[in-house]
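Comments concern the structure below.
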Amino acid sequence: MSSTELPAAAPATTTVLPKVTPVRAAEGEELRSVSLPGITLTVRSRKSAREGLPPALYVHGLGGSSQNWSALMPLLDDVVDSEAVDLPGFGDSPPPDDGNYSITAHARAVIRYLDASGRGPVHLFGNSMGGAIATRVAAARPDLVRTLTLVSPALPELRVQRSAVPTGLLAVPGVAALFTRYTRQWTAEQRVRGIMALCYGDPGRVTEEGFRHAVEEMERRIRLPYMWDAMARSTRGLVNAYTLGGQHGLWRQAERVLAPTLLVYGGRDQLVGFRMASRAARAFRDSRMLTLPEAGHVAMMEYPERVADTFRDLLRDVKAQTQAPASASVSASASESVYADVDAVPGVTDTTDAGS
């Protein structure tokens with residue numbers, strides 16, 4: 001098998017799912033179901049400001065859904081044609097027929113959708129686990145990716161933060177079942193507050209409406225019989241991806257990414273160590289960096305305007321590079337400032353925001 005191929009899926013089986021409350025679509029969003037070999041994906045889309053804009057695809061993280069991108073997508077309506085996917089077993093997408101939740105399987109789902117839709121190459125976004133998935137997609141199929149934007153990508157760390165350990169324990173067989181029994185009496189509000197405390201740099205930034213919508217989605221999700229199985233198996237898939245070496249290792253694949261890359265890290269991230277920002281900047285060959293000292297793990301939800309503005313800068317950089325003479329040296333850097341423990345890396349833009 002070549003380095004650009006992904007393993008084939010196991011034979012499909014039939015899955016019977018319960019009826020639950022419909023997923024919420026924000027103003028201007030549309031939801032549709034896409035059937036592909038072995039998987040059915042729910043895709044959230046927005047109508048762009050005008051025809052002919054380049055396509056963008058957004059991939060959420062562990063336990064998330066396409067709704068995680070609803071704050072960012074409308075801010076980019078005038079530069080890209082946005083779609084966000086619910087990965088198999090998450091959001092409104094049913095589990096995959098083969099029960100495979102590995103990072104490779106999730107990447108294969110994204111690739112299948114892009115191949116089937118004919119939308120590639122796209123501006124590909126990924127958060128957390130979605131960042132690992134997007135990295136694998138960009139390395140395996142560079143023809144499908146125009147640019148890569150990674151928000152707190154879940155790439156392997158030798159020293160995992162203590163606050164991330166409980167999530168990682170879901171990968172241990174039986175732990176998800178124990179946790180389910182232990183938390184049986186927890187309300188949807190309690191669960192959401194716990195998640196926000198873990199994922200946000202400042203949970204107080206969440207509006208009352210945003211909190212209410214999150215509770216409604218949690219109430220819907222916990223009615224699904226496969227929720228914890230999808231969480232546990234995807235966590236296990238992420239942990240397994242961390243242990244892969246050689247050409248299949250995520251850091252090695254990051255080095256193979258050809259697409260111009262925007263890296264976004266939060267100074268208060270409790271799940272992905274901020275110290276990993278400098279390593280990521282070295283690994284991705286054509287990278288720019290946005291550091292948000294007050295942000296947590298989901299900067300695109302906490303500071304969508306800053307992420308949108310920096311993505312626009314990336315588009316301008318890419319346009320300038322394509323228009324410049326081949327012999328010209330185009331600097332991607334508009335600022336040489338470095339925040340906290342992020343080392344200055346030659347050729348890498350680091351834009352620090354004070355998180356006002």
Minimal non-hydrogen separation, [X] against [Y], with atom names:
| X | Y | answer |
| --- | --- | --- |
| S152 | V272 | O-CG2, 3.6 Å |
| L238 | A132 | CD1-CB, 4.3 Å |
| R221 | Y226 | NH1-CE1, 4.2 Å |
| P203 | A197 | CG-CA, 3.9 Å |
| G89 | P96 | N-CD, 4.5 Å |
| G91 | S65 | CA-CB, 3.6 Å |

Check whether [X] reaches the backbone of [Y] with its side chain - one donor and one acceptor, N or O, closer than 3.5 Å.
| X | Y | result |
| --- | --- | --- |
| N68 | G64 | no |
| T261 | A259 | yes |
| D269 | G266 | no |
| E302 | G201 | yes |
| W251 | P156 | yes |
| R256 | Q247 | yes |
| S234 | M231 | no |

Rounded to the nearest 0.5 Å, what separates atom [atom1] in [X] from atom [atom2] in [Y]?
| X | Y | atom1 | atom2 | value |
| --- | --- | --- | --- | --- |
| R136 | Q253 | CZ | CD | 4.0 Å |
| S102 | N240 | OG | CG | 8.5 Å |
| L76 | T149 | CG | OG1 | 9.0 Å |
| M196 | R205 | CE | CZ | 13.0 Å |
| H297 | L62 | NE2 | CG | 8.5 Å |
| H248 | I103 | NE2 | CD1 | 14.5 Å |

**Request:** Return yes when atom CZ of R268 has more than 12 non-hydrogen atoms of other residues, nucleotides or ligands closer than 6.0 Å, and no otherwise.
**Result:**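 Correct, the count exceeds 12.
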Between [X] and [Y], does at least one N-O distance fall below 4.0 Å, as a salt bridge requires?
| X | Y | result |
| --- | --- | --- |
| D115 | R112 | no |
| R288 | D313 | no |
| D81 | K47 | no |
| E255 | R285 | no |
| R50 | D77 | no |

**Pair D202-E294, side chain to side chain contact (heavy atoms under 4.5 Å, CB included): steps then yes or no** = CA-CA 7 Å; D202 177 11; E294 302 302 318; over 6 Å; no
**Asked** Please walk me through it: do V23 and L31 pass side chain to side chain contact (heavy atoms under 4.5 Å, CB included)?
**Response** CA-CA 9 Å; V23 171; L31 299 175; 4.0 Å; yes
Would you say the side chain of [Y] lies within less than 4.5 Å of the side chain of [X], judging by non-hydrogen atoms?
| X | Y | answer |
| --- | --- | --- |
| Y113 | V85 | no |
| L57 | V110 | yes |
| D92 | R220 | yes |
| E217 | H213 | no |
| L314 | P260 | yes |
| R212 | E209 | yes |
| V151 | Y265 | no |
| V137 | V59 | no |

**Message:** For a quick check under 3.5 Å, do R32 and T42 share a side-chain donor-acceptor pair by atom type?
**Reply:** no
**Asked** Do H60 and S66 have side-chain N/O donor and acceptor atoms under 3.5 Å apart?
**Response** no
**Prompt:** Stepwise, does the side chain to side chain contact (heavy atoms under 4.5 Å, CB included) test hold for W228 with I222?
**Reply:** CA-CA 8 Å; W228 285 111; I222 58 181; 5.7 Å; no
**Prompt:** Passes side-chain hydrogen bond (donor to acceptor under 3.5 Å, both in side chains), S82 versus Y58? Steps please.
**Reply:** CA-CA 8 Å; S82 292; Y58 305 78; 2.9 Å; yes
Check whether [X] and [Y] end up in the same hydrophobic cluster, where Ile, Leu, Val, Met, Phe, Trp and Tyr are linked by side-chain heavy atoms less than 4.5 Å apart.
| X | Y | value |
| --- | --- | --- |
| V145 | L53 | no |
| W69 | V34 | yes |
| L75 | V206 | no |

**For S70, the option from R24, E29, E27 that meets side chain to side chain donor-acceptor pair (under 3.5 Å)** =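 Checked R24, E29, E27 against S70; only one passes side chain to side chain donor-acceptor pair (under 3.5 Å): E29.
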**Request:** Using the side chain to side chain contact (heavy atoms under 4.5 Å, CB included) rule, take M129 and H106 through it: C-alpha gap first, then chi angles, then the decisive distance, then the call.
**Result:** CA-CA 10 Å; M129 181 183 75; H106 283 312; 4.2 Å; yes
**Message:** Under the criterion ring-ring contact (aromatic ring centres under 6.0 Å, His included), I'd like the reasoning laid out for F311 against H123: C-alpha separation, chi angles, the key distance, then a yes or no.
**Reply:** CA-CA 10 Å; F311 175 72; H123 295 287; 5.6 Å; yes
**Prompt:** For the side chain to side chain contact (heavy atoms under 4.5 Å, CB included) test, which of R44, M300, E83 pairs with M73?
**Reply:**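 Only one option passes, and that is R44.
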